[in-house]
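When a ligand or atom number is given, it counts from 1 through the structure's own listing order. Only this structure's heavy atoms are used, side chains among them; waters, hydrogens and symmetry mates stay out. Small disclaimer: the values here were computed from a predicted structure and weren't measured.
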Amino acid sequence: MTNQQAFESILFDVADGVATITLNRPERLNALTTGMTKELLAAIKTCARDDAIRCVVITGAGRGFSAGQDLAEFEQVTDKFSVGDHLRRGYNRLILALRELEKPVIAQVNGVAAGAGLGLALAADMRIASDKASFVTAFIGIGLAPDSGVSWHLQRLIGPARAFELLATGRKVRADEALALGLVNQVVPAAALGETVAAMAGRFAQAPTRGIGLTKRVLNKTAAMTLAEALEYEAQIQDIAVRTADHKEGVQAFIEKRPPQFVGK
Ligand code: LHQ
């Protein structure tokens, strides 16, 4: 089953349990405007509501993933404009919505991911990158500190010293280095990117969606806990997971020596 929801600056397509969100301003390397960020948030909310969606893929049209904030939007800002409020209303909500979405999110990184565009890629659960992809923190290039969750995600993924270096120099990290750093899960030739991500997304669309959602919840919450707190939290979440239909099906299928048919509930 395929359906599309109409937006101006993104494409939103749902097929076979996978929602694909494509940033669609290729002539600007998918630089993010206020309108685009609103549309992304609306699309993520649809993904959260719709039980038929069991995996989300985010990618960019053309040669870029996203060059971050559209700097043309900031050319004429007055002293009264609060960047803090711009972040609170836009990127902060978007990044939190992605982290709180209890479904797997794959960033299909087709090209450069910079600034808030990098923030978007880092807020996904996995990153599968083309060998043509690159990663640029970009903030320091315009005299800024990191936002869009980049400080938080980057130091957890690659460690504080490497995060500092990338944030303070703004140098471009190419795909092979990103893989060595642990910034991405996998790098594939550009021509194989779509099929590689489709295979992974298809697998997730047949997986125990509640179990994956609860896994995400545990990882989010235990990141700031002691071991004792994390053990207790895991015990509470397992009490929920054990009541899902997919857990029962998994055990039944194992006993009956047949492949499980997970329904995502
Ligand atoms: C762009 C952009 C762009 C507009 C390329 N905007 N047009 C939050 C709150 C408040 C304030 C600010 O920011 C934030 C969060 C952030 O995201 S801060 C970081 C903002 N992003 C940047 O500073 C990145 C700026 N872009 C670049 O450094 C380069 O374009 C990268 C390294 C991304 C790609 O380089 P190239 O592959 O050499 O492409 P290019 O530079 O030739 O860009 C292609 C076109 O896209 C070009 O337009 P043109 O008309 O000359 O073909 C660029 O002007 C346009 N573009 N990024 N962010």
For [atom], state which one of [options] supplies the nearest heavy atom.
atom: atom 9 (C) of ligand 1; options: Ile140, Thr33, Val83; answer: Val83
atom: atom 14 (C) of ligand 1; options: Asp147, Val150, Asn30; answer: Asp147
atom: atom 1 (C) of ligand 1; options: Arg28, Arg63, Gln69, Glu75; answer: Arg28
atom: atom 4 (C) of ligand 1; options: Val112, Asp70, Leu144; answer: Asp70
atom: atom 21 (N) of ligand 1; options: Gly141, Ala67, Gly90, Ala138; answer: Ala67

- Give the residue and atom name of whichever protein heavy atom lies nearest to atom 45 (C) of ligand 1, and the separation in Å to one decimal.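 Looking at atom 45 (C) of ligand 1, the protein heavy atom closest to it is Glu27 O, 3.9 Å.
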
- Note the single closest protein heavy atom to atom 30 (O) of ligand 1, along with its residue, its atom name and the distance in Å.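 Sorting protein heavy atoms by distance from atom 30 (O) of ligand 1 puts Leu29 CD1, 4.0 Å first.
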
Quick one about [Y] and [X] (side-chain donor to acceptor, distance below 3.5 Å, no hydrogens or angles considered), yes or no?
X: Glu73; Y: Thr34; value: yes
X: Gln252; Y: Glu256; value: yes
X: Asn185; Y: Arg127; value: no

- Fit a plane to each ring of His86 and Phe74, take the angle between them on a 0 to 90° scale, and name the class: parallel (under 30°), tilted (30 to 60°) or perpendicular (over 60°).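 His86 vs Phe74 ring planes: perpendicular.
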
Test item: protein heavy atom less than 4.0 Å from [atom]:
atom: atom 37 (O) of ligand 1; answer: yes
atom: atom 57 (N) of ligand 1; answer: yes
atom: atom 18 (S) of ligand 1; answer: yes

- Query: Quick one: does ligand 1 sit under 4.0 Å from the side chain of Ala116, the backbone, both or neither, non-hydrogen atoms only?
  - Reply: both

- Item | Contact partition for Leu32 relative to ligand 1, non-hydrogen atoms under 4.0 Å |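 Looking at Leu32 and ligand 1, no heavy atom falls under 4.0 Å.
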
- Main-chain N/O of Thr33 paired to Thr37 side chain as donor or acceptor, under 3.5 Å: yes

- Are the side chain of Glu39 and the backbone N or O of Glu8 linked by a donor-acceptor pair below 3.5 Å?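 Judged by distance alone, yes, a pair lies under 3.5 Å.
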
Using a strict 4.0 Å threshold on nitrogen-to-oxygen distance, state whether [X] and [Y] make a salt bridge.
X: Glu177; Y: Arg171; answer: yes
X: Asp125; Y: Lys216; answer: yes
X: Arg174; Y: Asp131; answer: no

- Query: Going by distance only, is there an N or O of Leu71 that falls short of 3.5 Å from an N or O of ligand 1?
  - Reply: yes

